[in-house]
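Here is the structure we will look at.
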Amino acid sequence: MAAQTFIFRGKVVDMAGKGVCGAEVFIYDSPNTRRPADFITGSSDKEGSYAIQLPAGRRYWAVARVRQDGKYGPLSPVAQHSGEPAAIDAADEGLVERQFIVAIYARWRGANKKPERIWSRSVEEW
């Protein structure tokens, strides 16, 4: 008997609504996103589109990220991401679509070059 799956797809856009090329959606089986992801989509295309097939019947949490400084590890202050993780419910086979808005999380401020938080809204707030 084959395991049920669903397609999780959508777009990653910037604050102006333009598709973001090269973004990845990191998918977790818990709200703890400060650990390695359980699944990572391929890089989004020039329109910001992404897609991945996942096991159905579970809840996931997802964040979109655009890295400027490497593929893995903690985000740098200049990395773009979508803020708080979005819950994804996949009870049955089928399709789940989600748009993520990415922005820079922090900027360098002051003589000592410490990051300053700009925003951390979840995708549902936009």
Side-chain angles (χ1 to χ4, degrees):
M1 183 171 191
Q4 292 184 333
T5 62
F6 74 101
I7 301 296
F8 178 50
R9 73 176 184 195
K11 289 185 80 168
V12 178
V13 299
D14 63 18
M15 297 287 286
K18 182 180 176 189
V20 175
C21 183
E24 295 168 310
V25 178
F26 288 63
I27 303 157
Y28 302 85
D29 64 3
S30 80
N32 175 14
T33 60
R34 293 187 179 260
R35 62 180 179 83
D38 296 291
F39 303 94
I40 304 173
T41 67
S43 294
S44 59
D45 65 17
K46 64 183 178 179
E47 286 84 32
S49 297
Y50 69 87
I52 189 170
Q53 187 170 331
L54 297 170
R58 298 167 52 187
R59 177 171 244 204
Y60 297 98
W61 287 262
V63 293
R65 297 179 177 148
V66 182
R67 293 186 174 271
Q68 305 299 323
D69 59 350
K71 190 154 178 90
Y72 301 105
L75 288 174
S76 77
V78 295
Q80 296 180 61
H81 68 87
S82 58
E84 296 298 319
I88 309 298
D89 287 312
D92 300 311
E93 287 188 70
L95 175 68
V96 175
E97 294 184 312
R98 178 65 56 108
Q99 176 175 288
F100 291 92
I101 301 170
V102 294
I104 295 174
Y105 171 73
R107 61 180 167 222
W108 295 108
R109 297 294 285 189
N112 57 4
K113 302 292 187 199
K114 290 194 174 187
E116 170 188 70
R117 191 178 187 124
I118 295 175
W119 70 278
S120 64
R121 292 182 177 171
S122 71
V123 70
E124 285 83 13
E125 293 179 61
W126 292 101

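Owing to the predicted nature of the structure, the values given are computational and were not obtained by experimental measurement.
The cationic group of Arg35 does not satisfy the cation-pi geometry with Tyr28, failing either the under 6.0 Å distance to the six-membered ring centre or the 45° limit from the ring axis.
Checked by atom type and distance alone, the side chain of Ser44 pairs as donor or acceptor with a backbone atom of Gly22 at under 3.5 Å. Looking at Thr41, its side chain does come within 3.5 Å of a backbone N or O of Val25 through a donor-acceptor pair. Between the side chain of Arg58 and the main chain of Pro55, no donor-acceptor pair closer than 3.5 Å is present.
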For the pair Tyr50 and Val12, evaluate side chain to side chain contact (heavy atoms under 4.5 Å, CB included) and give the outcome as yes or no after the intermediate values. CA-CA 8 Å; Tyr50 69 87; Val12 178; 4.0 Å; yes

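Salt bridge status for Glu97 with Arg9: present, with a side-chain N to carboxylate O gap under 4.0 Å.
Ring-plane geometry between Phe6 and Tyr60 is classed as tilted, the angle between the planes lying from 30 to 60 degrees on a 0 to 90 degree scale.
Counting all heavy atoms, side chain and backbone alike, Phe100 lies closest to Ala62 at CE2-O, 3.6 Å. Closest approach of Val102 to Ser82, counting heavy atoms only: CG1-N, 3.9 Å. Counting all heavy atoms, side chain and backbone alike, Pro85 lies closest to Trp61 at CB-CB, 4.0 Å. Residue Asp89 comes nearest to Arg59 through the heavy atom pair OD1-NE, 2.8 Å, listed as atom of the first residue, atom of the second, then distance. Minimum interatomic distance between Lys46 and Cys21 (heavy atoms only, all atoms of both residues): CA-CB, 3.9 Å.
Expressed to the nearest 0.5 Å, how far CD1 of Ile27 lies from CD1 of Ile88 amounts to 8.0 Å. Rounded to the nearest 0.5 angstrom, Ser43 OG and Glu24 CD are separated by 4.5 Å.
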